[in-house]
Protein chains: 4
Amino acid sequence: MAKLTKRKLQAIKTKAIIYNTFLEMVQECEFEKLTVEKICKRANVSVGTFYHHYRNKYDIMEEIFHRADDFFQEKMLNNQIKGKTAIEKIIGFFDLLAQIYTRYGLGFSKALFNTRNNLFVNDKRIMVTMLRDILVQGVEDNQIVSDLTAEELKRILFTTARGIVFDWCLRDGDFSLEKAMHQYILLVVRAVAP
Amino acid sequence: MAKLTKRKLQAIKTKAIIYNTFLEMVQECEFEKLTVEKICKRANVSVGTFYHHYRNKYDIMEEIFHRADDFFQEKMLNNQIKGKTAIEKIIGFFDLLAQIYTRYGLGFSKALFNTRNNLFVNDKRIMVTMLRDILVQGVEDNQIVSDLTAEELKRILFTTARGIVFDWCLRDGDFSLEKAMHQYILLVVRAVAP
Amino acid sequence: MAKLTKRKLQAIKTKAIIYNTFLEMVQECEFEKLTVEKICKRANVSVGTFYHHYRNKYDIMEEIFHRADDFFQEKMLNNQIKGKTAIEKIIGFFDLLAQIYTRYGLGFSKALFNTRNNLFVNDKRIMVTMLRDILVQGVEDNQIVSDLTAEELKRILFTTARGIVFDWCLRDGDFSLEKAMHQYILLVVRAVAP
Amino acid sequence: MAKLTKRKLQAIKTKAIIYNTFLEMVQECEFEKLTVEKICKRANVSVGTFYHHYRNKYDIMEEIFHRADDFFQEKMLNNQIKGKTAIEKIIGFFDLLAQIYTRYGLGFSKALFNTRNNLFVNDKRIMVTMLRDILVQGVEDNQIVSDLTAEELKRILFTTARGIVFDWCLRDGDFSLEKAMHQYILLVVRAVAP
DNA sequence: AATGAATGAGACTTCATTCAT
DNA sequence: AATGAATGAAGTCTCATTCAT
């Protein structure tokens, strides 16, 4: 089925090298100061090759973002199977989110957290729909009792989470994102759905 | 007494023109895409004049930031006189913060909210010490009863506030920052200090 | 064997054009007033191309310097074969030096002779070690009899030579560098090693 | 006679401040990197004032040069009175020259020793005529016996001296200019006029 | 005599992107 | 698929100098 000729395999390998090099470099170097040429030099590929695989450096960012989404979804789907309450699921959701940011690193998070990043404001992202599903279900099942709608809750939670990651970036990762996330989300959940 | 000669006055005026032009342009144009040349063209001054008054465009951002701080402080000092509880003061504090961001505009806020902005992480800023004072006083007076220290409360509140402003930027100001801020802060305050 | 594709050859040619254009222009125009843009305009290449091949204009100077060194060495090695006395070798050495400065031109020499040029103060340069070898050998063979060490002689000779070239630059090449060099060096050699 | 009003005295004082500040700064900072603005900032005068007293920074250099000439002449005239041979006078001449360069400092010397400096190539300078006079007198008195003319001797001596100062600049003053000058000039004098 | 605000040409350099090979 | 030479627009900043006060 998949006709992976030698050439295609090589191409996949090359693309992976560029991807990984970028991920590595974005940790050391401010995203805006990261140039295609620098990436290529480190990755030992030509700039032409870079443009063969990606449109520009934002393109890689997007790919990382999507791969993180996929990774997130996969993890969630596996965990969801276990019988948990809505509250527990919410907590678990944001714990996982914090894990992912930690895993992808501070540099990547800094690059991501800018106000022009419209990847954040996409309500169709799997991540967003997943949390909404959890909340809607929780409200239906009376596990969540609140004056606020599921939509409002979702927004408050994401806003809080982003505030924490933003703070983590500002403070150069000088605290455990996972612990802080857990603490803050717990606090918000208790406040909105006591 | 005041050695404001005609020429000195003219200089102050010129600097103000640059300042205001920048403030105006940062609303229309992404900060990173705003160049010194563009600012000068609009302000009708030479680039030399720009560099006579400011070191670079970040320098103006800083000035705006500090002026906002001063403005904030002045407003707070006036309001504080009225007898209010600590809780009311906290709410008032963030209401004012939201007002300021609204007043300085979306463009300015977007320029400000980037993860490399170390102006945020300065614990000596008047704004920060003011909130801390309110919290410490509130705890002393038993108006705030919480498991968390004043320092922890301060951090949670600022993190929340930044999350909201960040969201406001992401969504291009499509909701009232002042209302959202009031609602979220109320929620957090109730959660931490019931 | 030689992986000189058509494109690689073209690149070498382009670099050579820049190099030669620089050498040409440095004769006409004071080095400090020679700008990258001017060089590019004359060479009919883009500034980008310039920076692709060289780091800056000092970089070309260095290349010229090193090429001159190589040229010098090659010439010396050929001449050395002939049986000469140490004194003759010294004279020959500085005759060749004068030839090279004459060949590279007044403009180049003027650019070179500034007090910040640390290319001069590099005792590991082939040119320097060559003269030292001649002197050491001359002392060993009793062809040079002097109160001064080989090292001291070397220094005096180079200092003298530089004084002459400096003078040649100051006087805009209004005398034969080769003749003057020959005369002065002869005089010094006789003085130190009679 | 001299109507030194308060205003004129102030002007002289200001000019002196600029002069001294320049002399001070040229020791620390490469001459080419020394800007009028920097000098004025350090001297606590306005740029306007600078241009009131000097045409540009080269103008100050020239003034220093001339003052050094005057200083040199004065010193020589005093010493000449003593009965000395021509040879001793030559040695004394260059000893004094070395003293002056040492006194004015490395930075000043570095600024001076560039190939575009036409102050050097001025045969009417007092310094030049003084040495010529010594040589002519020495030849007349049969104190100097040489194949070379007084003019040729003068040139060789100055060329040598400049070579030494140039070397002193290149090596960042890492040897005693006065000692080296004495040694080299002695050597040349012996060579040309045994 | 002194000030210093204002000018603007011009230098340096970077960098995304193309395209022939 | 991969190369890397070439492009040139665009941005930053400097600095000598002028001139009204």
Side-chain angles (χ1 to χ4, degrees), chain A residues 5-15 32-41 44-58, chain B residues 3 5-15 32-38 40 44-57, chain C residues 3 5-15 32-38 40 44-57, chain D residues 5-15 32-41 44-58:
Chain A
T5 61
K6 215 168 157 190
R7 220 178 178 193
K8 276 197 177 164
L9 269 169
Q10 179 55 42
I12 289 167
K13 213 168 144 189
T14 304
K15 189 166 182 177
E32 290 308 326
K33 288 184 183 155
L34 206 48
T35 69
V36 172
E37 201 165 290
K38 281 183 197 164
I39 298 164
C40 292
K41 193 159 277 172
N44 273 320
V45 296
S46 68
V47 281
T49 301
F50 179 94
Y51 282 100
H52 184 73
H53 291 291
Y54 293 102
R55 267 171 308 150
N56 47 46
K57 65 178 180 174
Y58 300 94
Chain B
K3 285 179 280 183
T5 60
K6 213 168 165 184
R7 299 197 70 214
K8 189 70 192 159
L9 271 168
Q10 178 55 43
I12 290 168
K13 211 168 144 189
T14 303
K15 189 166 183 176
E32 290 308 325
K33 289 187 182 153
L34 202 48
T35 71
V36 171
E37 202 142 28
K38 280 183 199 163
C40 292
N44 271 320
V45 296
S46 68
V47 275
T49 300
F50 180 93
Y51 284 100
H52 184 72
H53 292 290
Y54 292 102
R55 270 170 307 155
N56 47 45
K57 64 177 182 175
Chain C
K3 283 179 279 181
T5 61
K6 213 167 164 186
R7 299 198 70 213
K8 190 69 190 161
L9 271 169
Q10 177 54 43
I12 289 167
K13 212 167 144 191
T14 302
K15 190 166 183 177
E32 290 308 325
K33 287 185 183 153
L34 202 49
T35 69
V36 171
E37 202 142 30
K38 281 183 198 162
C40 292
N44 271 319
V45 297
S46 68
V47 276
T49 299
F50 179 93
Y51 283 101
H52 185 72
H53 292 289
Y54 292 103
R55 269 170 309 155
N56 47 46
K57 63 177 181 173
Chain D
T5 61
K6 215 167 153 189
R7 221 182 179 189
K8 276 198 178 166
L9 269 170
Q10 178 54 44
I12 288 167
K13 213 167 142 189
T14 304
K15 190 166 183 177
E32 290 309 324
K33 288 185 184 155
L34 206 47
T35 68
V36 172
E37 200 165 291
K38 280 184 198 163
I39 298 164
C40 292
K41 192 160 278 171
N44 272 321
V45 298
S46 68
V47 281
T49 300
F50 180 94
Y51 282 99
H52 184 74
H53 292 290
Y54 293 102
R55 268 171 307 150
N56 48 45
K57 64 178 181 175
Y58 301 94

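In what follows, every chain begins at residue 1, and chains take the letters A, B, ... in the order their sequences are listed. Please read these numbers as outputs of a predicted model, since none were measured by experiment.
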Practice task
Using a 4.0 Å heavy-atom cut-off, write out nucleotides 8-14 of chain E from 5' to 3' as B (base contacted by protein), S (sugar-phosphate only) or - (no contact).
Solution key: BB-SSBB
Handout entry: Contacts of D:Lys38 that satisfy side chain to side chain contact (heavy atoms under 4.5 Å, CB included) - sequence neighbours left out
Key =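 For D:Lys38 the side chain to side chain contact (heavy atoms under 4.5 Å, CB included) partners, ignoring immediate neighbours, are D:Met25, D:Thr35.
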Handout entry: Partners meeting side chain to side chain donor-acceptor pair (under 3.5 Å) with A:Glu32 (sequence neighbours left out)
Key =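 With neighbours one apart ignored, the set is empty.
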Exercise for the section: Return the set of residues passing side chain to side chain donor-acceptor pair (under 3.5 Å) with C:Glu37 (not counting sequence neighbours), or none when no residue passes. Expected result: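 For C:Glu37, no residue satisfies side chain to side chain donor-acceptor pair (under 3.5 Å) once neighbours in sequence are set aside.
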Sequence neighbours excluded and cut-off under 3.5 Å, please list the side-chain donor-acceptor pairs for residues 47-55 of chain A, or say none.
residue, atom, partner, partner atom, Å
A:Thr49, OG1, A:Ser46, OG, 2.9
A:Tyr54, OH, A:Glu63, OE1, 3.0
A:Arg55, NH2, A:Asp59, OD1, 2.9

Handout entry: Spatial distance of atom CD1 (B:Ile12) from atom NZ (B:Lys8) [nearest 0.5 Å]
Key =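 The distance works out to 6.0 Å.
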Handout entry: Spacing of C:Arg7 atom CZ and C:Leu9 atom CG [to the nearest 0.5 Å]
Key =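 So the gap between those two atoms works out to 12.0 Å.
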Handout entry: Side-chain touch D:Val36/D:Asn56, heavy atoms, less than 4.5 angstrom
Key =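 They are not in contact (no side-chain heavy atoms under 4.5 Å apart), so the answer is no.
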Exercise for the section: Identify, between C:Phe50 and A:Asn44, the residue whose nearest nucleotide on DNA chain F lies closer to the 5' end. Expected result: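 Nearer the 5' end of the strand: A:Asn44.
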Handout entry: First of B:Thr14 and C:Lys6 reached from the 5' end of DNA chain E, by closest nucleotide
Key =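 Its nucleotide being nearer the 5' end, the pick is B:Thr14.
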Handout entry: Residues that B:Lys13 engages under salt bridge (charged side-chain N to carboxylate O under 4.0 Å, His left out), provided they are two or more places apart
Key =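 For B:Lys13 there are no salt bridge (charged side-chain N to carboxylate O under 4.0 Å, His left out) partners, ignoring immediate neighbours.
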Practice task
Using the test salt bridge (charged side-chain N to carboxylate O under 4.0 Å, His left out), find all partners of C:Lys6 that sit at least two apart in sequence or belong to another chain.
Solution key: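 With neighbours one apart ignored, the set is empty.
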Practice task
Give the first and the last nucleotide of DNA chain F, reading 5' to 3', that has any atom under 4.0 Å from a heavy atom of chain A.
Solution key: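 Contacts span F:dA1 to F:dA5, reading 5' to 3'.
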Problem - Dot-bracket encoding of pairs in DNA chain E, which uses [ ] for pseudoknotted crossings and | for another strand, Watson-Crick or G-U under 3.5 angstrom - result: .||||||||||||||||||||
